[in-house]
Amino acid sequence: MVFEANIGAPINRDDLLEKLSANLSEKRFLHVQNVAATAKKLAEHWGYLAVEKAELAGLLHDYAKEETDETFKDLIHKYKLDPALLEWNNNIWHGVVGIYKIQEDFGITDPELLRAIEIHTIGSSEMGLLDKILYVADYIEDSRSFEGVETARSLAYEDLDAAVAYETLHTVLFLAQKQVQIYPQTIITYNAYVDKLRTKNRS
Ligand code: GDP
Ligand code: FE
Ligand code: FE
């Protein structure tokens, strides 16, 4: 079947799955399918009508994750992206730069879909419904099993903004604990959303 979401290019589901399984490890291929299923559930729950677009976002979001550093650096130059990106690594690149690879390989032009994938790791101070759905689905999909995931799963269906806040807070804590650099936009997301958690008196 062909995805009916109008995303700038017709995408056949079987062809997409084949391409994903060729590009991704078995574990990551399962992960993206889980994220798609969770994104679909969240879309239905929160009244995001383009449910297929949410599924596609899930399937495609980590498409570039196994590309080489050289590929990302070439894309940063080719598309004249912020040179400060060169200081980062795959964790940041696979979304922010990965969308250029997705546009090249699939001909997708839908700005809403690309935006959600672009910021799926780092969030934003201004997130639309699809952005939040993908950001949270990535964190709570069925195979995730870190401490706190059950809280994140409940929040996701009770209060989506609080789920974004919870995820961002715990990502920031996790990165600081590991003593690694935190991407500035992650902090911006944290600042924009932290109140959504505090006003609910959750931590
Ligand atoms: P995944 O691609 O499904 O593993 O999930 P994400 O795209 O959300 O995150 C990818 C990796 O980036 C994870 O290991 C996160 O901990 C890490 N990450 C998230 N935000 C930041 C950040 O601001 N800075 C750095 N250095 N790493 C981050
Ligand atoms: Fe990712
Ligand atoms: Fe992911």
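Order of listing sets the numbers, starting from 1, for every ligand and every atom in it.
Of the candidates L175, T186, I122, N89, the one placing a heavy atom closest to atom 28 (C) of ligand 1 is L175. For atom 24 (N) of ligand 1, the nearest non-hydrogen atom from the set Q181, E167, H31 belongs to Q181. With D138, T189, V32 as candidates, the residue nearest to atom 8 (O) of ligand 1 on a non-hydrogen basis is D138.
Residues D105 and K101 are paired through a salt bridge, judged by an N-O separation under 4.0 Å between the basic side chain and the carboxylate. In summary, E150 and R153 engage in a salt bridge, as defined by a charged side-chain N under 4.0 Å from a carboxylate O.
Rounding to the nearest 10°, we obtain 90° for the angle at the Fe ion (ligand 3) between D138 OD1 and H61 NE2. Taking the Fe ion (ligand 2) as the apex, the angle formed with NE2 of H120 and NE2 of H94 is 90°, to the nearest 10 degrees.
Remark: minimum distance from atom 18 (N) of ligand 1 to any protein heavy atom is reached at T121 CG2, 4.0 Å.
The shortest side-chain heavy-atom distance between L134 and V35 falls under the 4.5 Å cut-off. Counting only heavy atoms from C-beta outward, the side chains of I7 and T109 never approach each other to under 4.5 Å. In this structure, L60 and I108 have side chains that are in contact, with non-hydrogen atoms separated by less than 4.5 Å. You'll find the side chain of T171 stays beyond 4.5 Å of the side chain of I122, heavy atoms only. Taking 4.5 Å as the limit, some side-chain heavy atom of Y193 sits within range of a side-chain heavy atom of K132.
Per residue D62, closest N, O or S atom to the Fe ion (ligand 2): atom name OD1. Checked against the Fe ion (ligand 3), the N, O or S atom of H31 at the shortest distance is NE2.
For the pair R28 and ligand 1, no heavy-atom separation below 4.0 Å is found. Using a 4.0 Å heavy-atom cutoff, R144 is listed among the residues neighbouring ligand 1.
Annotation for ligand 1: atoms under 4.0 Å from non-hydrogen atoms of Y183 are 22 (C), 23 (O), 24 (N). Close contacts between ligand 1 and F174 involve ligand atoms 16 (O) [criterion: under 4.0 Å to a heavy atom]. Applying the 4.0 Å criterion to heavy atoms of T171 picks out, from ligand 1, the atoms 19 (C), 20 (N). Applying the 4.0 Å criterion to heavy atoms of K65 picks out, from ligand 1, the atoms 1 (P), 2 (O), 4 (O), 10 (C). Short contacts between ligand 1 and D62, defined as distances under 4.0 Å to a heavy atom of the residue, involve ligand atoms 1 (P), 2 (O), 3 (O). Short contacts between ligand 1 and H94, defined as distances under 4.0 Å to a heavy atom of the residue, involve ligand atoms 2 (O), 7 (O), 10 (C). Interface of H120 with ligand 1, defined as ligand atoms under 4.0 Å from a residue heavy atom, comprises 7 (O).
Counting only N and O atoms by type, the side chains of H31 and D138 include a donor and acceptor under 3.5 Å apart. A donor and an acceptor atom, one from each side chain of E67 and H94, are nowhere located under 3.5 Å apart. Between T71 and T68, the side chains place a donor N or O and an acceptor N or O closer than 3.5 Å (distance only, hydrogens not considered).
Of the polar atoms of H61, none of the N or O atoms is found under 3.5 Å from an N or O of ligand 1, judged by distance alone.
Both tests do not hold together for K196 against Y166: distance to the six-membered ring centre under 6.0 Å, angle to the ring axis within 45°.
Here the options are F106, F72, Y79, W93, the test is ring-ring contact (aromatic ring centres under 6.0 Å, His included), and the partner is Y100; only Y79 passes.
For atom 15 (C) of ligand 1, the nearest protein heavy atom lies 4.0 Å away or farther.
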